[in-house]
Amino acid sequence: MAARAYWRGQIRLALVSIPVEIFTATKSGATIAFNQIHEPTGKRIKYEKVVPGVGPVDPDEIVKGYEVEKGSYVLLEDDEIEAVKLESKKTLDLTQFVDHNEIDVLYYEKPYYVVPADDLAEEAFIVLREALRRTKKVALGQLALRGREYVVSLKPCGRGIVLETLRYADEVHKAQGYFRDISDAKPDEELLDLAETLIAKKTAAFDPSKFHDRYIEALQDLIERKRKGKTVQTDDAPSAPAKGMNVVDLMAALKRSIEKPGAGGSGDDSKPAKKAAAKPAAKKAPAKKAAPAKAAPARKRA
């Protein structure tokens, strides 16, 4: 079954109009949904829409309202809201072009795929795509989606174009408020070299399929064990790391990180870690024979 277009309209560049369709580029991942349960009966708690002094109401009697003052609302019908005239509901007018690195990642919100609506629109669509690619520019415009108007960007993506909704300036917190107390001093060159070496060892091509939601998997495992009636041990939460680290500790930690087996980008360092742990144990064995009186306490500690 073909995907359903999220939006249909036209991209307009000066006097050129290109009929297009927009499709959502992402989908929701796996989630674990919990319900509120009345423990004595084991039944699910439900909620009803009620009016104070009236009680439960029929869904057909519910309309949208905007509060203009305390307890006073302006009521609006769906068709009245839909009738609001806004050109960007059907036309994306490209009003500006910027370098792709001028837009901070904080402003990007959600991506969509853009494709030509028919064969007649394909030629103009390809011209726009290749012009953006050759000039390394991002097109900007405004588009009405989901009951509001967004600033959007267009950039080439393979044979198509990707549209991304952008946040407005007042929707992004200023970074200075969070970063002002961080020192702008230059780090020690040796520490920086060690960090760069560690980064180089862990550098690999991005493969999103290698990442998965371990929290969801752990929850699923917990639910399955509870379903089978198994006892679940609740461990204490891991303690937070100590605040602050002196230069000596940081230097030693970086060196150990680089020397650690499996510090490369393979992602599978469990086997080398086991081999590294086995060698020290073999070296300590003669020491236990040399001091038999202390052998038993040593085994207890291990």
Side-chain angles (χ1 to χ4, degrees), residues 26 29-32 100-101 103-108 111 173-225 230-302:
T26 60
T31 57
I32 299 292
H100 67 276
N101 58 354
I103 305 175
D104 194 295
V105 293
L106 291 172
Y107 289 93
Y108 287 109
H173 293 296
K174 299 298 181 183
Q176 293 88 337
Y178 300 90
F179 300 156
R180 70 163 66 96
D181 296 331
I182 301 175
S183 170
D184 61 353
K186 300 297 182 182
D188 180 88
E189 281 299 322
E190 188 176 358
L191 291 173
L192 198 56
D193 288 341
L194 288 170
E196 290 176 353
T197 301
L198 182 58
I199 290 172
K201 291 189 70 172
K202 286 185 170 288
T203 297
F206 175 60
D207 182 0
S209 64
K210 289 185 177 181
F211 298 88
H212 52 95
D213 194 330
R214 294 174 295 183
Y215 181 64
I216 291 295
E217 292 176 355
L219 280 179
Q220 290 172 336
D221 180 63
L222 170 63
I223 292 169
E224 184 62 20
R225 283 184 285 134
K230 295 183 178 180
T231 304
V232 177
Q233 296 292 336
T234 55
D235 298 328
D236 293 335
S239 57
K243 291 185 177 180
M245 177 185 289
N246 60 43
V247 176
V248 177
D249 292 337
L250 179 57
M251 181 76 74
L254 284 171
K255 287 182 177 179
R256 287 197 302 268
S257 298
I258 293 172
E259 295 166 359
K260 179 183 176 183
S266 63
D268 183 12
D269 53 353
S270 58
K271 292 182 179 179
K274 289 180 180 179
K275 291 180 180 179
K279 290 181 180 179
K283 291 179 181 179
K284 290 182 180 179
K288 293 180 181 179
K289 293 179 181 179
K294 296 181 180 180
R299 284 195 295 272
K300 290 181 180 177
R301 285 197 298 274

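Heavy atoms only: backbone and side chains are in, while hydrogens, waters and symmetry mates are out. We number each residue from 1, following the sequence as shown.
- Here OG1 of T197 is found 9.5 Å from CG of L192. Values are rounded to the nearest 0.5 Å.
- A distance of 12.5 Å separates CG of L198 from CZ of R256, quoted to the nearest 0.5 Å.
- Scanning both residues, I258 and K201, for their nearest heavy atoms gives O-NZ, 2.7 Å.
- With values rounded to the nearest 0.5 angstrom, K174 atom NZ is found 10.5 Å from L106 atom CG.
- Note that NZ of K255 and CG of L194 are 6.5 Å apart. Values are rounded to the nearest 0.5 Å.
- For the pair Y108 and H100, the tightest heavy-atom approach, listed with the atom from each and the gap, is OH-O, 4.3 Å.
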